[in-house]
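Since the structure comes first, as structure tokens, the remarks are kept for the end.
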Amino acid sequence: MKFLVGTYTKDKSEGIYLVDEEKVSLYNRLFNPTYFTVQEGHLFTLARGGIEIYQNNMLVYEDHTEAHSPCHIFYDSTIGMIFTANYHVGQMSTYKFDGTQTKKIQTIIYPLGSHTHQTVYDAKSRTLFVVDLGLDTIFTYEIDEKFKLVPKKELTLTKGVRPRHLVVAESGFVYCLTEYSHEIFVYNEKLEFVKKYATLDKNFPGISGAAIRLTSDQKHLYVSNRGYDSITHFLVKEDGTLKQQRVYNTQGKHPRDFNLSLDETQLVVGNMHSNNVAIFNRNPQTGELKFVKTLPVPEPSCILFVV
Ligand SMILES: O=C1O[C@H](COP(=O)(O)O)[C@@H](O)[C@H](O)[C@H]1O
């Protein structure tokens with residue numbers, strides 16, 4: 001079991017931590033690496049007013065030109081592009097990365113009220129999804145031969161539900177978790193609305209949906225609920241609709257992110273307000289979780305399993 005934990009460095013945290021079995025150690029000393037990804041031997045992380053890219057712990061690219069730090073970063077190796085969403089200033093940026101060189105391509109500034117929260121590129125449909133929490137909209141784009149974004153469809157959710165993160169299934173179905181209403185909005189491969197599901201049976205005040213993950217067999221979907229600190233497990237049926245299974249206590253406060261191990265036999269939750277990560281064993285057939293232990297990690301906000 002080996003995973004990295006991105007954090008807020010507002011209090012005691014100093015950057016990204018490595019959890020290797022029982023041992024927790026500082027992996028990279030950084031300012032607020034609240035989201036990051038590791039691919040092709042590079043670490044792509046959020047930084048003050050932009051992004052930083054590291055290779056073997058050495059800084060190889062930095063951009064600090066935005067008025068605030070973004071909240072989400074996504075790298076797609078099929079097109080060699082990096083995408084960021086900047087919640088606080090309502091914009092998203094794109095970069096071209098060719099394995100060594102990085103170039104900023106574009107920044108899109110959204111209308112007043114925008115709080116872009118996530119960018120996801122789906123290589124199969126060649127579609128970029130930009131989730132805008134503030135505008136209750138999912139913007140979609142194609143990418144042209146000059147790596148510029150060409151607007152496609154806009155998915156408008158119910159006003160005030162506040163979409164936060166989504167996943168795209170191999171079927172083309174899109175599952176979007178809302179922060180304020182903690183619901184999952186389901187869209188089919190034509191991006192037509194199908195149905196929505198509450199992540200919890202009761203609507204407690206102050207709950208906010210955070211992360212959403214789909215298993216590689218496409219059969220299990222998990223979401224985290226901050227405030228009612230839990231993970232809800234859904235089965236994904238043949239027709240793409242969902243069936244709620246169980247709700248699991250995350251053994252800590254404010255589960256901002258969680259992730260599956262590479263073989264998907266474990267699930268780790270980052271409990272941001274209780275400074276710990278909770279480790280669960282996972283049955284890959286049934287999707288059931290079994291709590292194993294917690295480990296102390298300060299201000300966890302992003303979990304990523306590594307080889
Ligand atoms: O989910 C959330 O995310 C936003 C954006 O994150 P930030 O790291 O850019 O601040 C955050 O402000 C908000 O409180 C939270 O609910």
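Note that ligands are numbered from 1 as they come in the structure, with each ligand's atoms numbered from 1 the same way.
For atom 7 (P) of ligand 1, a protein heavy-atom neighbour is present inside the 4.0 Å cut-off.
Side-chain contact between Thr65 and Lys104 is present, with heavy atoms from C-beta onward closer than 4.5 Å.
For ligand 1, the atoms sitting less than 4.0 Å from at least one non-hydrogen atom of Tyr8 are 6 (O), 7 (P), 8 (O), 10 (O), numbered in the order shown with element in parentheses. Those atoms of ligand 1 that come under 4.0 Å of a heavy atom in His88, given as number and element, are 7 (P), 9 (O), 10 (O), 12 (O). The contact set between ligand 1 and Arg226, taken as ligand atoms under 4.0 Å from a residue heavy atom, comprises 1 (O), 2 (C), 15 (C), 16 (O).
Judged by distance alone, with hydrogens and angles left aside, the side-chain atoms of Asn225 form no donor-acceptor pair with the main-chain N or O of Gly209 at under 3.5 Å. Looking only at distances, a side-chain donor or acceptor of Asn283 sits under 3.5 Å from a matching main-chain atom of Thr286.
Here the protein heavy atom with the shortest distance to atom 16 (O) of ligand 1 is Glu179 OE2, 3.0 Å. Nearest protein heavy-atom neighbour of atom 1 (O) of ligand 1: Arg164 NE, 2.9 Å. Protein heavy atom closest to atom 5 (C) of ligand 1, with residue, atom name and distance, is Tyr87 CG, 3.5 Å.
For the pair His115 and ligand 1, no heavy-atom separation below 4.0 Å is found. Under a 4.0 angstrom heavy-atom cut-off, Tyr35 registers as lying outside contact with ligand 1.
No salt bridge links Arg162 with Glu179; every basic N to acidic carboxylate O contact stays at or beyond 4.0 Å. Using a cut-off of 4.0 Å between Lys/Arg side-chain N and Asp/Glu carboxylate O, Arg213 and Asp257 are scored as salt-bridged.
Shown are Leu43, Leu59, Thr45, Thr102; of these, the side-chain contact (heavy atoms from CB on, under 4.5 Å) with Ile53 is made only by Thr102.
Note: no N/O pair closer than 3.5 Å links Ser69 and ligand 1 by distance alone. Looking at His68 next to ligand 1, no N or O pair under 3.5 Å apart turns up.
Here Arg256 has side-chain heavy atoms under 4.0 Å from ligand 1, and that is the only part of it that gets that close. Under 4.0 Å from ligand 1, the heavy atoms of His117 that appear belong solely to its side chain.
Taking the six-membered ring where tryptophan is involved, the planes of Phe185 and Phe193 are tilted, since the angle between them lies from 30° to 60°.
Two rings, from Phe139 and Tyr110, have their centers less than 6.0 Å apart. Tyr27 and Tyr17 have their aromatic ring centers separated by at least 6.0 angstrom.
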